[in-house]
Amino acid sequence: LAKSLMFDVYDKIDLVPGSTAAKVELAEAAQTYLDSLAADARASDELRVETASGLIRLSDIQGTPGFSSLQKVGLAGENLARAQSILAPMETAEPKSDELVLALGDLYAGLSDASLYVETDMDKALDENAKAQQWYAAYLERRPDDLHARFDLLAMQGNQGIIEFRDNDRESALATLDGVIAAFDTALADHPDSVDLLYGLARTQRIQSDVLVNSDRAADAVAAASASLETMQRIRALIPAETVTYWRAMSMSHRRRAYAYYRTGEAALAVDDYKPALEIESRRIALDPDDADARENYASYSGEIAYPLLDLKRLPEAEESLLAAAQWFQDRYDRSPDKGAYQRNMLVQHVQLHEFYNGWGDHETER
């Protein structure tokens, strides 16, 4: 029942805008079942692997940073640690079932995401990322036609590019991302209707845009973000109905191109791309006030749009947007001041405010 809730029922409900309350109820029910299973000393190895997989999936749903989730990062970390305690004794066991190999890949993928986005520990994140890739590759040797596992492996390679970029190795990051995009293109040539692969390609193109824009290659970053938006149109052709996943990916693609346009000096085009990104997140919030991911995205975009608004001399509008964003991040930081990612967010907010008031002029006290 827990497996059905977390993998089948949840995925269907997750497509529906405004479903956060229902998703919370599902997660809480699954937590109860998984707690019972994890505490059962009589459980077989097969059941323990399934229980760990359920805990990993529950952790993803509760608080995977950087992706759509319920934003309960502390609870997510606890469940990931419990999954690790179940799987760690099995890591050296032989032979390993397909389910165990895949679960180990999922475990290290979750640990790497937490190290990257919450702890901001790049060395740890890179080591865990390499282990996730190792297990996913081992699984694909057994099940080469599993497209979702192919997506998982390529997604972790994309995350490797993020880690290399965050670790100031931009050339390695760009080389990694070029390889991942080529791999997605190759897979899509054989499976052009795979929505998983298309979402993975669009995400990697957004990551590439982010690295390029921070490597003084803003025009190339615009092209990469535009390619991401084109990939999103391929998804829309396959799935005409708009879903939460689609909205989120579209808003992120517009956001990446907006910032790239800003860095090319085209402030008006930047605002034109930030506006649909903000509208999408505003629509998500209106349909679902409990959607923490949408609120975070809205705050982030509100802070970023202040830069091109400043260039366009739309100063009061820019200040209002920037102060609202800073307050949202301040409130979240005040609730969990020990989290490295939240500390980093606050550093960014204060840098943005400083630069804004410096650009406006005659605001020395605020600056």
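Heavy atoms only: backbone and side chains are in, while hydrogens, waters and symmetry mates are out. These numbers come from a predicted model, not from an experiment.
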Polar side chain donor-acceptor pair, Ser251 to Tyr301, under 3.5 angstrom: yes
Check: Val49 main-chain N/O paired with Ser53 side-chain donor or acceptor under 3.5 Å: yes
Note, Arg143 side chain near Arg150 side chain (heavy atom, < 4.5 Å): no
Contact check, side chains of Met232 and Tyr199, non-hydrogen atoms, under 4.5 Å: yes
Nearest atoms (heavy-atom pairs only) where Ala173 meets Val211: CB-CG1, 4.3 Å
Side chain proximity check, Val271 to Tyr261, heavy atoms < 4.5 angstrom: no
Hphob cluster co-occupancy, Met346 + Val348, side-chain heavy atoms under 4.5 angstrom: no
Any side-chain heavy-atom pair of Ser253 and Thr231 under 4.5 Å: no
Gln133 and Asn129: side chain donor to acceptor below 3.5 Å: yes
Greater than 12 external heavy atoms within 6.0 Å of Glu25's CD: no
Check against side chain to side chain contact (heavy atoms under 4.5 Å, CB included), Arg295 and Glu281: CA-CA 7 Å; Arg295 290 188 175 279; Glu281 300 304 339; over 6 Å; no
From CA spacing to verdict: side chain to side chain contact (heavy atoms under 4.5 Å, CB included), Tyr274, Tyr259: CA-CA 8 Å; Tyr274 274 122; Tyr259 186 64; 3.6 Å; yes
Closest approach of Ala183 to Leu154 (non-hydrogen atoms, all atoms of both residues): CB-CD2, 3.5 Å
Verify same cluster id: Leu323, Tyr333 (apolar side-chain graph, 4.5 Å): no
Thr204 OG1 to Ile162 CD1 distance, which is reported to the nearest 0.5 Å: 8.5 Å
Steps toward side chain to side chain contact (heavy atoms under 4.5 Å, CB included) verdict (Tyr262, Asp311): CA-CA 9 Å; Tyr262 166 71; Asp311 287 353; 3.2 Å; yes
Heavy-atom donor-acceptor pair, Ser336 side chain to Lys339 backbone, under 3.5 Å: no
Heavy-atom side-chain proximity of Ile13 to Leu26 below 4.5 angstrom: yes
Donor-acceptor pair, side chain of Ser302 and main chain of Ala325, under 3.5 angstrom: no
Rounded distance [0.5 Å steps], CD in Glu28 versus OG1 in Thr32: 8.0 Å
Side chains of Ser228 and Gln208 in contact at under 4.5 Å (non-hydrogen atoms): no
Joint cluster assignment, Val195 & Leu229, ILVMFWY side-chain distance < 4.5 Å: yes
Flag for Glu364-Tyr357: side-chain donor and acceptor within less than 3.5 Å: no
Residues Glu230 and Gln205: side-chain donor-acceptor under 3.5 angstrom: no
Whether Asp167 side chain and Asp169 backbone form a donor-acceptor pair below 3.5 Å: no
Glu46 side chain to Ser97 side chain, donor-acceptor N/O pair below 3.5 angstrom: no
Cationic N near anionic O, under 4.0 Å, Glu94 to Lys96: yes
Enclosure of Arg142 CZ (heavy-atom neighbours >12, cutoff 6.0 Å): yes
Ionic contact status for Lys131 with Glu128, cut-off 4.0 Å: no
Heavy-atom donor-acceptor pair, Ser226 side chain to Val222 backbone, under 3.5 Å: yes
Lys/Arg-Asp/Glu bridge criterion (N-O < 4.0 Å) met for Arg82, Asp35: yes
Under 3.5 Å side-chain donor-acceptor pair for Glu164 and Thr176: yes
Pair Arg217 + Asp220, salt bridge at N-O below 4.0 Å: yes
Gln84 and Leu55, any side-chain heavy atoms less than 4.5 Å apart: no
Check ion pair Glu296-Arg332 (N to O, under 4.0 angstrom): yes
Minimum-distance pair of heavy atoms, taken over all atoms of Thr264 and Ala218: CG2-CB, 3.4 Å
Any side-chain heavy-atom pair of Tyr307 and Glu355 under 4.5 Å: yes
Side chain His354, main chain Gln352, donor-acceptor under 3.5 Å: no
Tyr342-Phe329 co-clustered via ILVMFWY side chain contacts under 4.5 Å: yes
Heavy atoms of other groups near Asp362 CG, more than 12 under 6.0 Å: no
Atom of Ala103, atom of Leu87 and distance for their closest heavy-atom approach: O-CD1, 3.9 Å
Option passing side chain to side chain contact (heavy atoms under 4.5 Å, CB included) with Tyr136 (candidates Asp146, Asp106, Val101): Asp106
Donor on one side chain, acceptor on other, Asn79 and Arg57, under 3.5 Å: no
Intermediate values then yes/no, side chain to side chain contact (heavy atoms under 4.5 Å, CB included), Leu198 and Leu238: CA-CA 10 Å; Leu198 286 168; Leu238 292 169; 3.5 Å; yes
Cluster link Leu201 to Tyr246, ILVMFWY, side chain under 4.5 Å: yes
Member of Arg255, Arg257, Arg263, Arg256 meeting the salt bridge (charged side-chain N to carboxylate O under 4.0 Å, His left out) criterion with Glu304: Arg255
Cation-pi, Trp247 ring and Arg283 (6.0 angstrom, 45 degrees): yes
Atom CD of Glu320: over 12 foreign heavy atoms under 6.0 Å: no
Closest non-hydrogen atom pair between Ser209 and Ala221, with its separation: OG-O, 2.8 Å
Tyr139-Trp135 aromatic ring centre distance below 6.0 Å: no
Nearest non-hydrogen partners of Thr51 and Leu34, listed with the distance: O-CD2, 3.8 Å
